[in-house]
Amino acid sequence: MRISVIGCGYLGAVHAACMAKLGHDVVGIDIDERKVSELSAARAPFFEPGLEELLKEVQETGRLSFTSDMSAAKGSDVHFICVGTPQKKGENAADLTYVDSAMLRLLPHIEPGNVVAGKSTVPVGTATRLSTLMADQECGAHLVWNPEFLREGHAITDTLSPDRFVYGVIDGSEDHPAVAVLDDVYATPLEAGTPRLVMDHSTAELVKTAANSFLATKISFINAMAEVCEATGADVTRLADAIGLDDRIGRKFLQAGIGFGGGCLPKDIRAFMARAGELGADQALTFLREVDAINMRRRTRVVELTRELCGGSLLGTRITVLGAAFKPASDDVRDSPALSIAAQLQLQGADVTVTDPKAIANAARRFPELHYEQDVDLAVSNSDVLLLLTEWEQYRALDPYLLTSKVASPRILDGRNVLDAGKWRAAGWTYRGLGRP
Ligand code: NAD
C-alpha cells in the first residue's frame, strides 16, 4: 500500500520505517527540514536502538522517502498523523495546534476512500471534531483513531509486534470500510496473532490515556509506599517483590525510585485531568493530581537525601549524576526526572556534572548551566557523591571496588534501586536507596 506518515519524531520516524519494513511504500513528512535531511540520509535524528540500521535497510529497497512537502501525501491510501501533542505552556491541557495544522495542510491532498489514521495521543473528543471537519470538506475519506503504545528503547519491536491494535471508527463497527484498510496495513502482525479491537472514536482515544494513567498510578503507588517505608525503616524493594508475586498485581512498574518523566506520562495525565474538567467529570480523576504530586515529591526527596549524604550542605559539593535521559536506551530528556534533580542541586549550590551514554547533547540544550562529561571515569573523578538517576546497563554494571579510588568520597544514592546495596557497602561505600533502610 502507499502510506504517508505526517510528523517524523520519536513516533513517526519509527512508524514510517516499520511500515516500509512491512512492505509498504512510505513517505514521511515533517516540517522540520533538519530532521527530514537526516532521515533522508538514513541517519536517525534521535537515539532509538536499531532505528538507524532499519532506516538503511528499507531505504535501500526504495520504499521509504522523507520530505517537508505535504503534497507528497497525495496518492497515499493511508495517512498516519504522528505529530506532537505537548502540554500547553502554563496549563495542564494538551496543545493541539500541531494536530490541527497537520490536518488542515493534509486535507487538500486527501482523496475519496483514503483513510486518515490518527496515532498521536489526543484528548477524548478530538477525533469526532476532526471527522466533522473532514465531512464538512466533503473529502470522502475516513478517520480512524489508532493510538500508539510503543515504548522508547523498544520502539521497533513494539511497532512491528504490538500487544494489540486499537481502531477507533465513527460508528464503532467492524464493518466500517476503514477497518479492512488498516487490516491490510497491519496484515503481517495480524497474521502473527496480534489482537485487534474495533471501537468508537472516543473509546479508542480513552484507551491510550487510560493506559498511561494506570501506569503512572502504579509507579506513584509504589513511590508512596517508598515514602511510608522511609518513615518506618522498611524496604520497598522487598515489599514490591512480595506484592508483585500476586498475579492480580504483578511486579512490573513497581520499581520505586525517582518517578516517571518523559514526553508522555506526565503530560498525558495532566491533559486527561484538564479534559475531564471540560467534560464535567473532573472528580473522576482527582486521584491523578495526587499521582502527579507523589511523582514530583520524589525529585525533592532525592535533593534532600543528597544533602543528608553530603553532611547537611550542598554548597560547593561535587556531584556526579549518572544518567540524563528520562529512561535508559533513549536520548529523550523531555521532563527527565534525572535532569530536573541535577538542576535543583546546582541551584542549591552544588557543582553538578552529568554523564549519559546518549543524551548529553539534548540535555545540554535544555540545561546549559550544568556541566557535562561523556566519559564516565572523568565524570566521577573527584566526586563527593554519585547519583544513579537513569539505570543504563553500564551504570548498573559499575564496579564499586574499581570506582573507590576515582572518587573523592565513596558515597552513592541509587535513585532507581537497581544496585546491590550489600556489594557497594562491602566495597566501603555509603549507599542510599529510595524507600530502603
Ligand atoms: P516528537 O516531538 O518527537 O515528534 C513530533 C514531530 O511532528 C516533530 O518532528 C515535528 O516537527 C512534527 N510536526 C509538527 N507539526 C507538524 C506538521 N504540521 N506537519 C508535519 N510534521 C509536523 O513527538 P513524539 O514523541 O514522536 O510524539 C508524537 C505523538 O505520539 C504525541 O502525541 C505523543 O504523545 C504520542 N506518542 C509518543 C510516544 C513516544 O514514546 N514518544 C509513544 C506513544 C505515543
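Everything quoted here is computed from the prediction, not taken from an experiment. In listed order, ligands and their atoms are each counted from 1. The figures here come from the full heavy-atom set of this structure, side chains too, leaving out hydrogens, waters and symmetry mates.
Polar contact check, Tyr10 against ligand 1: a nitrogen or oxygen pair lies under 3.5 Å apart. Of the polar atoms of Asp30, at least one N or O is found under 3.5 Å from an N or O of ligand 1, judged by distance alone. The distance criterion of under 3.5 Å between nitrogen or oxygen atoms is not met by Arg151 with respect to ligand 1. Taking any N or O of Asp268, backbone or side chain, none lies under 3.5 Å from an N or O belonging to ligand 1. Considering backbone and side-chain N/O atoms, Leu11 comes within less than 3.5 Å of an N/O atom of ligand 1. Distances between N or O atoms of Glu152 and those of ligand 1 include at least one value under 3.5 Å.
In the vicinity of Thr85, heavy-atom distances shorter than 4.0 Å reach the ligand 1 atoms 31 (C), 32 (O), 34 (O). For ligand 1 and Ile29, the ligand atoms under 4.0 Å from any heavy atom of the residue are 20 (C), 21 (N).
Taking the side chain as every heavy atom from C-beta outward, Trp145 and Ser202 never approach each other to under 4.5 Å.
Put simply, the side chain of Glu205 gets close to the backbone of Gly125: a donor and an acceptor are under 3.5 Å apart.
Checked against ring pair (Phe, Tyr, Trp, His ring centres under 6.0 Å), Tyr186 has the following partners two or more places apart in sequence or in another chain: Phe165. For His109, there are no ring pair (Phe, Tyr, Trp, His ring centres under 6.0 Å) partners two or more places apart in sequence or in a different chain.
Residues Lys267 and Thr121 bring no donor and acceptor atom of their side chains to less than 3.5 Å of each other.
Few gaps surround CZ on Phe46; more than 12 heavy atoms of other groups in view lie less than 6.0 Å from it.
Residue contacts with ligand 1 include Lys208, since one or more of its heavy atoms lies under 4.0 Å from the ligand.
Considering Ile81, Asp158, Leu150 only, the shortest heavy-atom separation from atom 42 (C) of ligand 1 involves Leu150. Atom 37 (C) of ligand 1 has its nearest heavy-atom neighbour, among Cys264, Ala271, Gly28, in Cys264. Counting only non-hydrogen atoms, the option in Arg334, Lys327, Glu33, Arg105 that gets closest to atom 23 (O) of ligand 1 is Arg334.
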